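Remember, it's a predicted structure, so these values are computed and weren't measured experimentally.
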Amino acid sequence: MSATDAPPLIHRQTLGKLEITRIVEVDEPFLTPQQMFAEATPAALAPHLEWLLPKALCPTTGKLILPVQTYVIRTPHHVALVDTCIGNHKAFAGFKRWANREDDTWLRRLAAAGISPEQVDYVFCTHLHLDHCGWHTRLENGRWVPTFPNAQYLFAAEEFAYAEGRARSGEDPVFAQNVLPVIAAGRGVLVAQDFVLDDTLWLESTPGHTPGHVSVHLQSQGLQGVVTGDLIHSPLQCHHPEWNFIYDDNPALACRTRRAFLERHADANTLVLASHFPSPSIGHFVRRDQAFEYRYLAP
Ligand SMILES: [Zn+2]
(Lines give C-alpha, C1' and ligand atoms only; values in the text may rest on other atoms or scores of the structure.)
Protein backbone atom coordinates (compact mmCIF):
# COMPACT_ATOMS: atom_id res chain seq x y z
CA MET A 1 0.00 0.00 0.00
CA SER A 2 1.45 3.39 -0.91
CA ALA A 3 1.58 6.24 1.56
CA THR A 4 -1.04 8.14 -0.37
CA ASP A 5 -3.75 5.52 0.08
CA ALA A 6 -2.72 4.54 3.60
CA PRO A 7 -5.45 4.69 6.23
CA PRO A 8 -5.15 7.45 8.80
CA LEU A 9 -2.51 6.58 11.40
CA ILE A 10 -3.95 8.49 14.30
CA HIS A 11 -3.86 7.72 17.98
CA ARG A 12 -5.93 9.53 20.60
CA GLN A 13 -5.18 9.81 24.28
CA THR A 14 -6.45 12.02 27.06
CA LEU A 15 -4.60 13.64 29.95
CA GLY A 16 -7.12 15.19 32.31
CA LYS A 17 -8.95 17.75 30.18
CA LEU A 18 -6.37 17.63 27.39
CA GLU A 19 -6.97 15.61 24.26
CA ILE A 20 -3.82 14.37 22.59
CA THR A 21 -3.74 13.13 19.00
CA ARG A 22 -0.71 11.57 17.35
CA ILE A 23 -0.48 12.37 13.62
CA VAL A 24 2.13 10.24 11.89
CA GLU A 25 3.76 11.32 8.64
CA VAL A 26 6.17 8.42 8.06
CA ASP A 27 6.79 5.27 10.09
CA GLU A 28 9.60 3.21 8.62
CA PRO A 29 12.99 1.57 9.15
CA PHE A 30 15.54 4.38 9.57
CA LEU A 31 19.10 3.31 10.44
CA THR A 32 20.69 0.26 12.09
CA PRO A 33 21.13 0.51 15.86
CA GLN A 34 24.88 0.96 15.49
CA GLN A 35 24.44 3.66 12.85
CA MET A 36 22.31 5.56 15.36
CA PHE A 37 24.31 4.78 18.51
CA ALA A 38 28.01 3.90 18.29
CA GLU A 39 27.80 1.76 21.44
CA ALA A 40 24.99 -0.44 20.08
CA THR A 41 27.24 -3.34 19.09
CA PRO A 42 25.64 -6.73 18.43
CA ALA A 43 26.71 -7.85 21.92
CA ALA A 44 25.22 -4.75 23.59
CA LEU A 45 22.02 -5.22 21.62
CA ALA A 46 21.57 -8.94 22.27
CA PRO A 47 19.73 -8.58 25.62
CA HIS A 48 17.20 -6.25 23.98
CA LEU A 49 16.33 -8.19 20.82
CA GLU A 50 13.38 -9.93 22.40
CA TRP A 51 11.45 -6.72 23.01
CA LEU A 52 12.83 -4.87 19.97
CA LEU A 53 11.70 -7.41 17.36
CA PRO A 54 9.66 -6.93 15.24
CA LYS A 55 7.91 -3.63 16.05
CA ALA A 56 10.93 -1.53 17.02
CA LEU A 57 13.58 -3.31 14.95
CA CYS A 58 12.74 -4.36 11.40
CA PRO A 59 13.69 -8.04 11.00
CA THR A 60 14.17 -7.62 7.23
CA THR A 61 16.41 -4.55 7.13
CA GLY A 62 17.95 -4.73 10.62
CA LYS A 63 17.07 -1.06 11.06
CA LEU A 64 15.31 0.64 13.95
CA ILE A 65 11.79 1.73 13.04
CA LEU A 66 11.31 5.44 13.52
CA PRO A 67 8.10 7.38 13.11
CA VAL A 68 8.07 11.06 12.29
CA GLN A 69 4.99 12.56 13.88
CA THR A 70 3.14 15.53 15.33
CA TYR A 71 1.35 15.66 18.64
CA VAL A 72 -1.83 17.72 18.55
CA ILE A 73 -2.88 19.00 21.97
CA ARG A 74 -6.43 20.27 22.42
CA THR A 75 -6.81 22.18 25.66
CA PRO A 76 -10.13 23.63 26.84
CA HIS A 77 -9.03 26.88 25.13
CA HIS A 78 -6.58 26.11 22.31
CA VAL A 79 -5.47 23.79 19.56
CA ALA A 80 -1.69 23.42 19.65
CA LEU A 81 0.66 21.36 17.49
CA VAL A 82 4.01 20.13 18.70
CA ASP A 83 6.40 19.71 15.75
CA THR A 84 5.29 19.50 12.14
CA CYS A 85 7.27 16.62 10.55
CA ILE A 86 8.98 16.82 7.15
CA GLY A 87 6.57 18.53 4.79
CA ASN A 88 6.41 18.62 1.00
CA HIS A 89 8.77 19.97 -1.67
CA LYS A 90 11.63 20.64 0.76
CA ALA A 91 15.18 20.69 -0.57
CA PHE A 92 17.70 18.99 1.73
CA ALA A 93 21.13 18.81 0.15
CA GLY A 94 22.55 16.30 2.62
CA PHE A 95 19.47 14.21 3.37
CA LYS A 96 17.79 13.11 0.18
CA ARG A 97 15.53 10.44 1.72
CA TRP A 98 13.02 13.05 2.87
CA ALA A 99 13.62 15.69 0.21
CA ASN A 100 11.07 16.81 -2.35
CA ARG A 101 8.20 14.80 -0.95
CA GLU A 102 4.83 15.10 -2.66
CA ASP A 103 2.56 13.38 -0.20
CA ASP A 104 -0.45 14.88 1.53
CA THR A 105 -0.93 11.97 3.97
CA TRP A 106 -0.03 14.10 6.99
CA LEU A 107 -2.52 16.83 6.03
CA ARG A 108 -5.22 14.25 5.38
CA ARG A 109 -4.59 12.61 8.74
CA LEU A 110 -4.85 16.01 10.42
CA ALA A 111 -8.17 16.57 8.64
CA ALA A 112 -9.34 13.08 9.65
CA ALA A 113 -8.59 14.06 13.26
CA GLY A 114 -11.02 16.94 12.80
CA ILE A 115 -8.47 19.74 12.57
CA SER A 116 -8.32 22.28 9.77
CA PRO A 117 -5.16 24.41 9.37
CA GLU A 118 -7.21 27.52 10.23
CA GLN A 119 -8.13 26.09 13.63
CA VAL A 120 -4.57 25.79 14.90
CA ASP A 121 -3.76 28.45 17.53
CA TYR A 122 -0.15 27.57 18.45
CA VAL A 123 2.67 25.71 16.75
CA PHE A 124 5.36 24.59 19.18
CA CYS A 125 8.68 23.28 17.91
CA THR A 126 11.10 21.18 19.96
CA HIS A 127 13.97 22.09 17.65
CA LEU A 128 14.61 23.23 14.11
CA HIS A 129 15.70 20.03 12.39
CA LEU A 130 14.14 19.10 9.08
CA ASP A 131 11.83 16.42 10.50
CA HIS A 132 10.29 18.73 13.12
CA CYS A 133 9.31 21.91 11.29
CA GLY A 134 8.55 20.87 7.70
CA TRP A 135 4.82 21.58 7.70
CA HIS A 136 5.46 24.96 9.29
CA THR A 137 5.22 26.06 5.66
CA ARG A 138 3.83 24.86 2.37
CA LEU A 139 4.49 25.93 -1.19
CA GLU A 140 1.81 28.14 -2.73
CA ASN A 141 2.36 29.52 -6.25
CA GLY A 142 6.10 29.01 -5.86
CA ARG A 143 6.26 30.81 -2.51
CA TRP A 144 6.59 29.39 1.02
CA VAL A 145 3.63 30.41 3.19
CA PRO A 146 2.65 29.42 6.74
CA THR A 147 0.52 26.24 6.65
CA PHE A 148 -1.45 27.47 9.68
CA PRO A 149 -2.54 31.00 8.79
CA ASN A 150 -4.01 31.91 12.18
CA ALA A 151 -1.40 30.31 14.44
CA GLN A 152 1.33 31.83 16.53
CA TYR A 153 4.50 29.86 15.83
CA LEU A 154 6.65 29.73 18.96
CA PHE A 155 10.42 29.44 18.51
CA ALA A 156 12.86 29.09 21.40
CA ALA A 157 15.16 32.06 20.82
CA GLU A 158 18.39 30.13 21.29
CA GLU A 159 17.27 27.46 18.80
CA PHE A 160 16.28 30.17 16.35
CA ALA A 161 19.75 31.73 16.61
CA TYR A 162 21.39 28.31 16.13
CA ALA A 163 19.32 27.58 13.01
CA GLU A 164 19.99 31.07 11.67
CA GLY A 165 23.73 30.47 12.11
CA ARG A 166 23.54 27.17 10.24
CA ALA A 167 21.69 28.90 7.42
CA ARG A 168 24.29 31.67 7.26
CA SER A 169 27.11 29.16 6.95
CA GLY A 170 25.21 27.50 4.09
CA GLU A 171 24.83 24.27 6.05
CA ASP A 172 21.11 23.99 6.21
CA PRO A 173 18.18 25.21 4.07
CA VAL A 174 15.63 24.52 6.84
CA PHE A 175 15.70 28.08 8.16
CA ALA A 176 14.97 29.62 4.75
CA GLN A 177 12.21 27.16 3.88
CA ASN A 178 10.48 26.57 7.23
CA VAL A 179 11.25 29.52 9.50
CA LEU A 180 11.86 32.77 7.62
CA PRO A 181 8.54 32.65 5.71
CA VAL A 182 6.72 32.34 9.05
CA ILE A 183 8.57 35.38 10.40
CA ALA A 184 7.93 37.32 7.17
CA ALA A 185 4.20 36.62 7.51
CA GLY A 186 4.22 38.01 11.07
CA ARG A 187 3.28 34.64 12.60
CA GLY A 188 6.55 33.88 14.46
CA VAL A 189 7.26 34.64 18.13
CA LEU A 190 10.63 34.14 19.84
CA VAL A 191 10.28 32.84 23.38
CA ALA A 192 12.55 31.78 26.25
CA GLN A 193 13.39 28.10 26.74
CA ASP A 194 11.25 28.09 29.87
CA PHE A 195 8.29 29.84 28.23
CA VAL A 196 4.90 29.24 29.89
CA LEU A 197 1.80 29.52 27.69
CA ASP A 198 -0.66 28.86 30.52
CA ASP A 199 -1.28 26.29 33.26
CA THR A 200 -1.61 23.48 30.67
CA LEU A 201 1.38 23.98 28.36
CA TRP A 202 4.95 25.16 28.88
CA LEU A 203 8.49 24.52 27.70
CA GLU A 204 11.20 22.52 29.45
CA SER A 205 14.72 23.43 28.41
CA THR A 206 16.41 20.20 27.25
CA PRO A 207 19.61 21.23 25.40
CA GLY A 208 22.22 18.94 23.89
CA HIS A 209 20.70 17.43 20.76
CA THR A 210 20.63 21.06 19.64
CA PRO A 211 21.61 24.11 21.74
CA GLY A 212 18.07 25.48 22.07
CA HIS A 213 16.19 22.17 22.20
CA VAL A 214 13.01 22.21 24.30
CA SER A 215 10.47 19.62 25.38
CA VAL A 216 6.83 20.59 25.72
CA HIS A 217 5.22 19.96 29.11
CA LEU A 218 1.50 19.25 29.49
CA GLN A 219 -0.51 19.44 32.67
CA SER A 220 -4.17 18.95 33.49
CA GLN A 221 -6.00 18.04 36.68
CA GLY A 222 -2.72 17.24 38.42
CA LEU A 223 -1.57 14.90 35.64
CA GLN A 224 1.70 15.54 33.81
CA GLY A 225 2.75 14.81 30.24
CA VAL A 226 5.69 15.74 28.04
CA VAL A 227 6.57 15.69 24.35
CA THR A 228 10.20 14.62 24.32
CA GLY A 229 11.53 15.96 21.03
CA ASP A 230 14.91 14.49 20.14
CA LEU A 231 16.63 14.42 23.53
CA ILE A 232 15.90 10.68 23.26
CA HIS A 233 15.38 8.77 20.00
CA SER A 234 14.80 5.17 21.00
CA PRO A 235 13.53 3.20 23.99
CA LEU A 236 17.01 1.60 23.92
CA GLN A 237 18.27 4.84 25.47
CA CYS A 238 16.04 4.25 28.52
CA HIS A 239 18.23 1.22 29.22
CA HIS A 240 21.34 3.13 28.11
CA PRO A 241 20.91 6.86 28.77
CA GLU A 242 24.62 7.26 27.99
CA TRP A 243 24.10 6.26 24.33
CA ASN A 244 24.13 9.42 22.24
CA PHE A 245 22.49 9.71 18.86
CA ILE A 246 25.05 10.35 16.10
CA TYR A 247 23.56 13.75 15.32
CA ASP A 248 23.55 15.07 18.89
CA ASP A 249 25.21 18.50 18.66
CA ASN A 250 26.79 18.38 22.13
CA PRO A 251 27.05 14.71 23.19
CA ALA A 252 28.11 15.35 26.81
CA LEU A 253 25.29 17.83 27.38
CA ALA A 254 22.77 15.60 25.53
CA CYS A 255 23.70 12.73 27.85
CA ARG A 256 23.28 14.82 31.02
CA THR A 257 19.97 16.21 29.79
CA ARG A 258 18.66 12.74 28.90
CA ARG A 259 19.58 11.21 32.26
CA ALA A 260 18.03 14.10 34.19
CA PHE A 261 14.88 13.99 32.04
CA LEU A 262 14.46 10.24 32.60
CA GLU A 263 14.96 10.68 36.37
CA ARG A 264 12.50 13.57 36.59
CA HIS A 265 9.69 12.03 34.57
CA ALA A 266 10.03 8.46 35.86
CA ASP A 267 9.52 9.78 39.38
CA ALA A 268 6.50 11.86 38.37
CA ASN A 269 4.81 9.06 36.39
CA THR A 270 4.64 11.50 33.49
CA LEU A 271 2.78 10.47 30.33
CA VAL A 272 5.58 10.43 27.76
CA LEU A 273 4.75 11.50 24.22
CA ALA A 274 7.91 10.26 22.55
CA SER A 275 8.71 11.91 19.26
CA HIS A 276 10.49 9.01 17.55
CA PHE A 277 9.74 5.89 19.62
CA PRO A 278 8.07 3.17 17.54
CA SER A 279 4.29 3.24 17.38
CA PRO A 280 2.25 3.60 19.50
CA SER A 281 5.02 5.84 20.95
CA ILE A 282 3.14 6.96 24.08
CA GLY A 283 4.03 5.45 27.46
CA HIS A 284 5.92 5.87 30.73
CA PHE A 285 9.52 5.73 31.89
CA VAL A 286 9.95 3.15 34.64
CA ARG A 287 13.07 2.65 36.75
CA ARG A 288 14.93 -0.59 36.14
CA ASP A 289 18.25 -1.48 37.80
CA GLN A 290 20.54 1.55 37.42
CA ALA A 291 18.57 2.87 34.41
CA PHE A 292 15.03 2.71 33.00
CA GLU A 293 12.71 0.90 30.65
CA TYR A 294 9.77 2.06 28.56
CA ARG A 295 6.23 0.83 29.12
CA TYR A 296 3.94 1.54 26.19
CA LEU A 297 0.31 2.35 26.66
CA ALA A 298 -1.99 0.16 24.62
CA PRO A 299 -2.83 1.88 21.32
ZN1 LIG B 1 13.93 14.13 14.85
Can you name the residues that form a side chain to side chain contact (heavy atoms under 4.5 Å, CB included) with [X], not counting sequence neighbours?
{"X": "Leu223", "answer": "Leu15"}
{"X": "Arg287", "answer": "Glu263, Ala266, Asp267, Phe292"}
{"X": "Ala252", "answer": "Asn250, Arg256"}

State whether the side chain of [X] and the backbone N or O of [Y] hold a donor-acceptor pair below 3.5 Å, judged by distance alone.
{"X": "Thr61", "Y": "Lys63", "result": "yes"}
{"X": "Gln69", "Y": "Ser275", "result": "yes"}
{"X": "Arg109", "Y": "Val24", "result": "yes"}
{"X": "Thr75", "Y": "His77", "result": "yes"}
{"X": "His213", "Y": "Gly229", "result": "no"}
{"X": "Arg12", "Y": "Ala113", "result": "yes"}
{"X": "Arg74", "Y": "Val79", "result": "no"}
{"X": "Arg295", "Y": "Gly283", "result": "no"}
{"X": "Ser220", "Y": "Gly16", "result": "no"}
{"X": "Thr257", "Y": "Pro207", "result": "yes"}

Minimum side-chain heavy-atom gap [X]-[Y] below 4.5 Å:
{"X": "Ile115", "Y": "Val120", "result": "yes"}
{"X": "Ile65", "Y": "Asp27", "result": "yes"}
{"X": "Thr147", "Y": "Thr84", "result": "no"}
{"X": "Leu262", "Y": "Gln237", "result": "no"}
{"X": "Val82", "Y": "Thr126", "result": "yes"}
{"X": "Leu273", "Y": "Leu218", "result": "yes"}

Open item on the list: Does anything in residues 173-192 form a side-chain hydrogen bond (donor to acceptor under 3.5 Å, both in side chains)? List the pairs, not counting sequence neighbours.
Closed with: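 Sorted result for residues 173-192: Lys90-Asn178.
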Task: Pairs meeting criterion side-chain hydrogen bond (donor to acceptor under 3.5 Å, both in side chains) with involvement of residues 29-43, two or more places apart - done: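 Sorted pair list: Thr32-Gln35.
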- [ ] Among Ile183, Val191, Val214, Val189, find the residue that satisfies the side-chain contact (heavy atoms from CB on, under 4.5 Å) test when tested with Phe155.
- [x]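 Result for side-chain contact (heavy atoms from CB on, under 4.5 Å) with Phe155: Ile183.
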TODO: Identify the residue among Ser205, Pro211, Ser215 that makes a side-chain contact (heavy atoms from CB on, under 4.5 Å) with Gln193.
DONE: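 Exactly one pass, corresponding to Ser205.
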Open item on the list: Enumerate the salt bridge (Lys or Arg N to Asp or Glu O under 4.0 Å) contacts for residues 191-210, please, sequence neighbours excluded, ordered by first and then second residue.
Closed with: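 Salt bridge (Lys or Arg N to Asp or Glu O under 4.0 Å) check on residues 191-210 returns Glu204-Arg264.
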Open item on the list: Give me each pair satisfying salt bridge (Lys or Arg N to Asp or Glu O under 4.0 Å) with a member in residues 118-135, each pair once, sequence neighbours excluded.
Closed with: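 Sorted pair list comes back empty.
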Open item on the list: So that I know where these two stand, are His209 and His129 an aromatic pair - ring centroids less than 6.0 Å apart?
Closed with: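 Yes, the ring of His209 comes within the 6.0 Å limit of the ring of His129, centre to centre.
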Can you name the residues that form a ring pair (Phe, Tyr, Trp, His ring centres under 6.0 Å) with [X], not counting sequence neighbours?
{"X": "Tyr162", "result": "none"}
{"X": "Phe30", "result": "Trp98"}
{"X": "Tyr153", "result": "His136"}

Mutual orientation of the aromatic rings belonging to [X] and [Y] [parallel < 30°, tilted 30-60°, perpendicular > 60°]:
{"X": "His276", "Y": "His233", "value": "parallel"}
{"X": "Tyr294", "Y": "Tyr296", "value": "perpendicular"}
{"X": "Trp243", "Y": "His48", "value": "perpendicular"}

TODO: Kindly state each residue pair satisfying ring-ring contact (aromatic ring centres under 6.0 Å, His included) with at least one member in residues 53-72, sequence neighbours excluded.
DONE: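 Not a single pair qualifies under ring-ring contact (aromatic ring centres under 6.0 Å, His included).
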- [ ] Could you tell me whether Arg138 and Glu140 have a side-chain N and a carboxylate O separated by less than 4.0 Å?
- [x]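 Salt bridge present between Arg138 and Glu140.
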Open item on the list: Tell me whether Arg108 is salt-bridged to Asp103, with the criterion being a basic N under 4.0 Å from an acidic carboxylate O.
Closed with: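 The answer is no: the pair does not qualify as a salt bridge.
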Task: Remaining members of hydrophobic cluster (4.5 Å side-chain criterion), Trp144 - done: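 Trp144 shares its hydrophobic cluster with Leu139.
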TODO: Let me know which of Glu158, Glu159, His132, His127 forms a side-chain hydrogen bond (donor to acceptor under 3.5 Å, both in side chains) with Thr210.
DONE: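 Answer to the side-chain hydrogen bond (donor to acceptor under 3.5 Å, both in side chains) test with Thr210 among Glu158, Glu159, His132, His127: Glu159.
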